[in-house]
Amino acid sequence: MELIRLTNVKKTYKTGVTAIQDLNLSIDKGEFVFIIGSTGCGKSTLIKMLYREEKPTSGQIIVGGIDVGKLRNGKVYKIRRKIGVVFQDFKLLPKSTVYENVAFALEIFGLPKDEIHSKVLKALELVGLKHKIKNYPAQLSGGEQQRVAIARAIVNGPKLLICDEPTGNLDKNTGMEIMRVLNEINKLGTTIIMVTHDINIVEQMGKRVIVLDSGRVVKDYAKGTYRR
Amino acid sequence: MKSIRIIIRNIRDALKGVFRNFSLSFASISCITITLIVVAISLILSENVDNFTKLVERDVTIVAFIDNNADDSKIEEIREEISSLNNIDEYEFRPKEQITNEMRDSSEVFDSIMKNWTDEENPIQNTFQIKVKDINKIDNVAKKVEKIDGITLVKYGEGVVNQLISTFDFIHKICIGAVIALILVTAFLISNTIKITISSRQREIGIMRLIGASNLNIRIPFIIEGLILGLLGSIIPVGLTIYGYNTLYNHFHGQLFSPFIKLIEPVPFVYYASLILIGIGILVGMFGSWRAVRKHLKI
């Protein structure tokens with residue numbers, strides 16, 4: 001079943017730079033998709049449009065039944081609640097504990113304390129950090145911080161998890177550790193779209209791979225067919 | 001239940017925000033405190049001046065002296081003429097015996113001089129004391145009273161009264177202007193201080209947006225934070241108002257320079273003033289936060 005559909009999407013920034021053009025793409029529920037390409041090929045712009053950080057100049061983007069391009073700024077939260085986003089720089093609140101960082105996403109919606117507690121612990125268990133709930137981000141390693149960010153992204157039970165170079169700041173082993181966590185989450189039914197530069201990871205994971213160049217899809221490898 | 005939980009969470013988050021960013025919160029609180037102290041001083045001054053004006057206006061009377069040869073029926077005629085004039089608030093006939101006795105009671109010196117006076121020797125005249133409705137037209141009334149047959153002299157502290165009242169009026173207007181200007185300046189200063197506080201938390205707002213917080217979700221904790229800052233900032237000004245004004249009042253025994261200029265009784269005045277200060281602190285804090293956070297929400 002289709003979760004994301006992009007039709008004739010074009011994005012030109014105010015500076016005149018066209019980052020995405022003639023882009024058509026469909027991603028099904030439960031897929032794990034890598035998006036690769038050289039710097040400036042439009043990877044980041046593409047995923048930013050998925051969670052409505054950027055608006056397409058033309059074309060249509062449907063995510064989970066919502067026409068994302070037509071969302072007004074005041075209504076952006078509607079799509080954000082269905083999507084988890086993980087970044088290269090983790091984006092954790094430095095003055096909040098691991099528990100608070102993850103619970104933050106649920107508290108906004110006014111969930112009961114017990115429900116928040118059980119969901120937070122479940123998410124932290126999934127990423128293997130249940131024993132560090134009282135630590136602050138600065139007391140954790142890079143890999144652990146990224147796992148907290150992943151726990152925060154999935155605690156809501158989103159249909160889609162978008163990862164923008166989540167292993168970019170991590171060493172090889174830690175990076176693979178993060179990939180194992182993401183794979184677990186994918187197995188539980190969450191669709192994952194991950195932008196990366198790390199070809200080794202892409203090769204090892206054996207998932208669908210979309211290659212972008214100058215804002216266009218130049219290759220779309222089906223699961224397990226990508227070779228360098 | 002859900003909305004109660006959200007309110008409690010917002011208050012908790014706001015308190016956390018105040019204490020976790022204490023140095024910046026302290027800056028905002030100090031800013032509110034200092035300006036509210038100045039507002040308190042202006043407020044107390046303004047209200048007292050207003051009070052002086054009212055007291056002076058209330059005490060200003062026209063005294064019309066009646067010819068000592070006038071008999072009761074003549075006095076009655078004068079009374080009727082006075083009552084038919086416009087702009088008369090109240091009037092009272094004061095016979096010379098009454099005035100004499102009052103003067104003798106008020107001072108031993110007067111008493112020793114006046115006790116031996118015979119009725120013929122007593123130079124004091126029967127009078128009418130007249131209060132007017134509109135103090136600005138007192139001249140007009142005085143002139144008309146002077147023309148009444150049987151009235152020998154009219155006194156009402158010409159010039160001095162008008163000058164005093166216009167001076168008080170001027171001070172009062174300046175004070176009100178100062179209070180309004182201060183409130184505006186405070187709102188602006190606080191808004192800027194909170195803007196710095198919030199800019200340092202841009203990351204936090206960004207993350208909140210990212211995980212699906214609506215603009216209201218983001219704004220409310222900050223607005224409550226502004227409310228708390230305003231409340232904390234008004235503690236010292238309120239304390240100073242209550243303690244300071246009571247001390248001032250007791251020091252001057254409730255009057256300034258002369259019994260004529262009475263200060264406003266501290267109770268309930270200081271409590272009203274405190275409520276106004278707290279209200280200004282809260283509103284200005286909330287408005288400052290609202291304005292500051294607006295910038296970070298792409299509306």
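Naming: A, B, ... by sequence-line order, numbering from 1 per chain.
- Residue A:L111 touches chain B through its backbone alone, counting heavy-atom pairs closer than 4.5 Å.
- When all heavy atoms are compared, the tightest approach of A:E100 to B:K16 is OE2-NZ, 3.4 Å.
- Residue A:R52 does not touch chain B at all, counting heavy-atom pairs closer than 4.5 Å.
- Nearest heavy atoms, A:D89 versus B:R203: O-NH2, 4.0 Å.
- Applying the 6.0 Å contact sphere to NZ of A:K122 captures no more than 12 heavy atoms from other residues, nucleotides or ligands.
- Atom-to-atom distance recorded for A:R80:CZ and B:I211:CD1 is 10.5 Å, nearest 0.5 angstrom.
- Contacts of A:Y51 with chain B are made by side-chain atoms alone, with heavy-atom separations under 4.5 Å and no backbone atom involved.
- Residue A:H131 qualifies as enclosed at atom NE2: its count of foreign heavy atoms under 6.0 Å is above 12.
- In B:Y243, the OH atom is not crowded: 12 or fewer heavy atoms of neighbouring residues, nucleotides or ligands sit closer than 6.0 Å.
- No more than 12 heavy atoms of other residues, nucleotides or ligands sit less than 6.0 Å from atom CD1 of B:I236.
- Across every non-hydrogen atom of B:I207 and A:R152, the tightest pair is CG2-NH1, 3.4 Å.
- At least one side-chain heavy atom of B:S214 sits under 4.5 Å from a side-chain heavy atom of A:R81.
- Taking chain B as the reference chain and counting heavy-atom pairs below 4.5 Å, the highest number among A:A153, A:G84, A:P112 is found for A:P112.
- No other option in B:A213, B:P221, B:G206 has as many heavy-atom pairs under 4.5 Å with chain A as B:A213.
- A salt bridge does not link A:E115 with B:R5: none of the charged nitrogens is closer than 4.0 Å to a carboxylate oxygen.
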